[in-house]
**Q** 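A single structure is presented below for examination.
Side-chain atoms are counted along with the backbone in the values below, which use heavy atoms only and exclude waters and symmetry mates. The sequence lines fix the lettering, A, B, ..., with proteins before strands; numbering per chain opens at 1.
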4 protein chains.
Amino acid sequence: MNYNKVVLVGRLTRDPEVRQTLNGTLVATFTLAVSRPNRSGFEGNDNTDFIRIVTFSKLAEFVQSYLTKGRLILVEGKLRINRWQGNDGQYRTTPEIWADQVVFMDKKNAAVEDTEMVEYDELFEDTENDEPPF
Amino acid sequence: MNYNKVVLVGRLTRDPEVRQTLNGTLVATFTLAVSRPNRSGFEGNDNTDFIRIVTFSKLAEFVQSYLTKGRLILVEGKLRINRWQGNDGQYRTTPEIWADQVVFMDKKNAAVEDTEMVEYDELFEDTENDEPPF
Amino acid sequence: MNYNKVVLVGRLTRDPEVRQTLNGTLVATFTLAVSRPNRSGFEGNDNTDFIRIVTFSKLAEFVQSYLTKGRLILVEGKLRINRWQGNDGQYRTTPEIWADQVVFMDKKNAAVEDTEMVEYDELFEDTENDEPPF
Amino acid sequence: MNYNKVVLVGRLTRDPEVRQTLNGTLVATFTLAVSRPNRSGFEGNDNTDFIRIVTFSKLAEFVQSYLTKGRLILVEGKLRINRWQGNDGQYRTTPEIWADQVVFMDKKNAAVEDTEMVEYDELFEDTENDEPPF
DNA sequence: TTTT
DNA sequence: TTTT
């Protein structure tokens with residue numbers, strides 16, 4: 001009965017960092033600068049949220065291959081709040097987005113999801129006629 | 001550079017209809033009644049959008065097994081505008097949502113995505129310590 | 001208990017059309033071409049949804065002033081399914097998005113919502129100190 | 001060219017806290033427990049994100065009047081990452097959602113936005129006929 | 001610590 | 001009828 005969805009558009013503050021988990025899964029992370037619209041409805045750069053994005057597996061490969069500092073992208077994913085205890089015994093809380101989709105917004109033609117793409121169109125090759133769909 | 005996302009919460013007007021494509025893919029469809037909030041910000045049932053939802057494969061199985069008339073659900077997917085020609089030669093346009101996620105909102109505990117779930121938590125079993133995540 | 005949200009990124013197929021309702025409200029409409037990602041996860045132009053967008057009042061003014069054919073924008077709004085009876089007595093159904101936010105994706109610096117922007121930052125000018133926010 | 005949108009469904013961990021800013025704006029805050037779906041696609045309560053929600057003005061009044069511990073709600077808003085310096089000189093980062101819409105998911109009929117509701121339907125009273133909308 |  |  002719960003749901004968690006985030007959609008962000010912003011720019012990478014740096015090139016992504018790539019590492020691997022113990023079991024070999026590729027993990028690519030980066031920070032997205034998402035500026036807030038100001039009073040006039042137009043954006044300023046005075047107020048910006050810097051949001052950590054985490055990607056895995058195929059999507060991490062895509063990130064590693066195509067994303068670089070300064071690129072404008074759309075990220076879709078889930079907000080996760082990590083809670084951990086510092087050396088001083090205090091609990092801290094750090095947010096990150098576990099992305100499941102990345103779309104370029106600034107150059108040509110690319111979007112990738114963290115899933116196998118289903119070939120929907122192929123399913124219906126036989127229905128190219130004049131019948132209403134329902 | 002394009003993106004298409006829809007999130008709806010509403011009730012099934014009937015039990016889903018299930019069929020199969022020529023190549024054997026399961027397809028389950030149903031109509032979601034999504035009422036519009038009225039002037040006071042509270043909902044009436046006088047104004048309602050009836051939106052056709054289409055699901056495939058595993059998600060269609062889930063829909064077939066669990067969804068029934070009247071249930072309250074959240075649907076996430078893509079808006080598709082089908083365009084087809086009627087017997088009178090006129091073009092018509094019918095909208096539908098190709099769902100990739102369904103979440104129950106009215107009973108206990110269920111959500112299903114049209115993808116294999118990645119075992120994110122398992123990836124990090126080794127990192128349960130006091131280090132900050134970044 | 002219902003909810004209806006759409007987020008689209010695509011290009012205007014033409015310049016917006018502007019008109020007024022009987023009571024003087026400005027209405028600007030246009031069609032957004034939203035192409036579907038193809039099998040490789042990269043976009044093609046073979047498959048595109050053409051989606052009618054409707055804006056009112058201030059947002060319509062913004063659309064009239066800034067949007068032109070070919071521009072890449074993000075639109076947020078609600079999906080509405082209009083149902084009407086044709087001359088032949090048949091019922092038809094046409095979808096449209098009633099937008100409440102438009103963001104440029106292709107040039108510099110603009111986003112507008114169909115509401116007065118609240119000056120959140122001003123509310124907290126007094127809290128610029130070292131205290132945690134909660 | 002930036003965008004920031006979050007949609008969450010979860011339960012209040014406590015009754016909201018209400019306060020006022022120096023200039024008199026009402027602020028209501030609460031924590032939303034959003035559980036993550038587990039491997040089978042069904043939810044467990046072992047893994048939950050606890051997400052701080054902030055509301056202002058009219059929406060804060062609504063929250064104060066209607067929301068109580070345990071209620072299931074949908075929240076729409078923006079993700080903000082606050083950065084502040086602790087007594088130890090260390091920088092911390094705390095996430096919160098600045099909500100602009102709240103919808104009940106567990107009882108009857110309510111949704112409120114942080115804006116004046118526009119009377120769209122009234123605008124078109126004169127168009128209740130058999131004409132296609134475009 | 002940050003992007004345009 | 002359609003955008004890049």
Side-chain angles (χ1 to χ4, degrees), chain A residues 8-17 29-38 42-53 63 67-75 94 96 102-111, chain B residues 1-4 81-85 89-93 132 134, chain C residues 8-17 29-38 42-53 63 67-75 94 96 102-111, chain D residues 1-4 81-85 89-93 132 134:
Chain A
L8 302 170
V9 178
R11 291 187 186 276
L12 279 81
T13 61
R14 299 181 172 206
D15 289 351
E17 288 173 29
T29 60
F30 56 89
T31 296
L32 203 67
V34 181
S35 65
R36 304 172 185 161
N38 63 20
F42 287 72
E43 288 170 13
N45 31 9
D46 36 338
N47 272 84
T48 301
D49 292 290
F50 294 97
I51 304 175
R52 180 177 147 89
I53 313 292
V63 164
L67 296 193
T68 50
K69 175 177 172 175
R71 289 213 69 174
L72 184 71
I73 59 170
L74 181 151
V75 170
T94 53
E96 56 190 25
V102 168
V103 184
F104 292 153
M105 289 284 111
D106 58 356
K107 283 188 187 159
K108 270 200 65 56
N109 283 346
Chain B
M1 302 173 74
N2 287 10
Y3 182 72
N4 184 332
I81 307 288
N82 297 304
R83 194 160 166 282
W84 52 278
Q85 196 170 17
Q90 296 261 280
Y91 280 95
R92 317 267 158 92
T93 194
F134 65 105
Chain C
L8 302 170
V9 178
R11 291 187 185 276
L12 279 81
T13 62
R14 299 180 171 206
D15 289 351
E17 289 174 28
T29 61
F30 56 90
T31 295
L32 202 67
V34 181
S35 65
R36 303 171 185 163
N38 63 18
F42 287 73
E43 288 169 13
N45 31 8
D46 35 339
N47 273 84
T48 300
D49 292 290
F50 294 96
I51 305 174
R52 180 176 148 89
I53 313 291
V63 163
L67 296 192
T68 51
K69 174 177 174 176
R71 289 215 69 174
L72 183 70
I73 59 169
L74 181 152
V75 169
T94 53
E96 57 190 24
V102 168
V103 184
F104 292 152
M105 289 284 110
D106 58 356
K107 284 189 186 156
K108 270 199 66 55
N109 283 345
Chain D
M1 303 171 75
N2 287 10
Y3 182 71
N4 183 333
I81 309 286
N82 297 305
R83 196 161 164 279
W84 51 279
Q85 197 171 16
Q90 295 262 280
Y91 281 95
R92 317 268 158 91
T93 192
F134 65 106

**Q** In this structure, how many angstroms lie between the C1' atom of E:dT3 and the OH atom of D:Y3, rounded?
**A**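 After rounding, the reported distance stands at 20 Å.
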**Q** What's the CG-P distance between A:L72 and E:dT2, to the nearest Å?
**A**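 My rounded result for the distance is 20 Å.
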**Q** For the side chain of C:R14 and the base of F:dT1, is some donor closer than 3.5 Å to an acceptor across the two?
**A**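 Check passes, donor-acceptor contact within cut-off.
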**Q** Among F:dT1, F:dT3, E:dT2, find the nucleotide with the atom closest to the side chain of A:F50.
**A**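 Between F:dT1, F:dT3, E:dT2, the one nearest the side chain of A:F50 would be E:dT2.
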**Q** Please check this pair: side chain of D:R92 against backbone of D:W84, looking for a donor-acceptor N/O pair closer than 3.5 Å.
**A**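 No.
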**Q** Cationic tip of A:R71 within the cone over A:F104's six-membered ring, i.e. under 6.0 Å and within 45° of the normal?
**A**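 Geometry flag: set, cation within 6.0 Å and 45°.
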**Q** Whole-Å distance between F:dT4 P and A:M105 CE?
**A**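 These atoms are roughly 16 Å apart.
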**Q** Go through the N and O atoms of the side chain of A:T31 and the base of E:dT2, and report whether any donor-acceptor pair is under 3.5 Å.
**A**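 Side chain to base: no pair present.
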**Q** Classify the side chain of C:R71 and the base of F:dT3 as holding, or not holding, a donor-acceptor pair under 3.5 Å.
**A**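 It does not, because no donor-acceptor pair links the side chain of C:R71 to the base of F:dT3 below 3.5 Å.
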**Q** Taking CD1 from D:I81 and P from E:dT2, how many angstroms apart are they, rounded to a whole number?
**A**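 Taking CD1 of D:I81 and P of E:dT2, I get 16 Å after rounding.
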**Q** If only atom types and distance count, is the side chain of D:N82 paired as donor or acceptor with the main-chain N or O of D:T93 below 3.5 Å?
**A**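 No.
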**Q** Heavy atoms only, 4.0 Å cut-off, all strands: where does A:G10 land among base, sugar-phosphate and nothing?
**A**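 Here A:G10 touches no strand at all.
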**Q** Between A:L8 (CG) and E:dT4 (C1'), how many Å, whole number?
**A**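 Computing the A:L8:CG to E:dT4:C1' distance gives 17 Å.
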**Q** What integer distance in Å separates A:I73:CD1 from E:dT2:P?
**A**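 Interatomic distance, CD1 of A:I73 to P of E:dT2: 19 Å.
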**Q** Nearest nucleotide by nearest heavy atom, which residue falls closer to the 5' end of DNA chain F, C:R11 or B:R83?
**A**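 Result: B:R83.
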**Q** Would you say the base of E:dT3 and the side-chain of A:T48 have a donor-acceptor pair closer than 3.5 Å?
**A**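 For A:T48, whose side chain was compared with the base of E:dT3, there is a donor-acceptor pair (under 3.5 Å).
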**Q** How long is the line joining CZ of A:F104 and C1' of E:dT3, in whole Å?
**A**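 Answer to the nearest Å: 16 Å.
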**Q** Strictly distance-based, threshold 3.5 Å: is any side-chain N or O of A:D15 a donor or acceptor partner for the main-chain N or O of A:K69?
**A**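 Looks like yes, one N/O pair under 3.5 Å.
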**Q** Side chain of A:A33 only, heavy atoms from C-beta on: which candidate in F:dT3, E:dT3, F:dT1 is closest?
**A**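 My answer, after comparing the listed nucleotides, is E:dT3.
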**Q** For A:L72 versus D:M1, what's the shortest heavy-atom pair and its separation?
**A**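 In this case the closest contact between A:L72 and D:M1 is CD2-CE, 3.6 Å.
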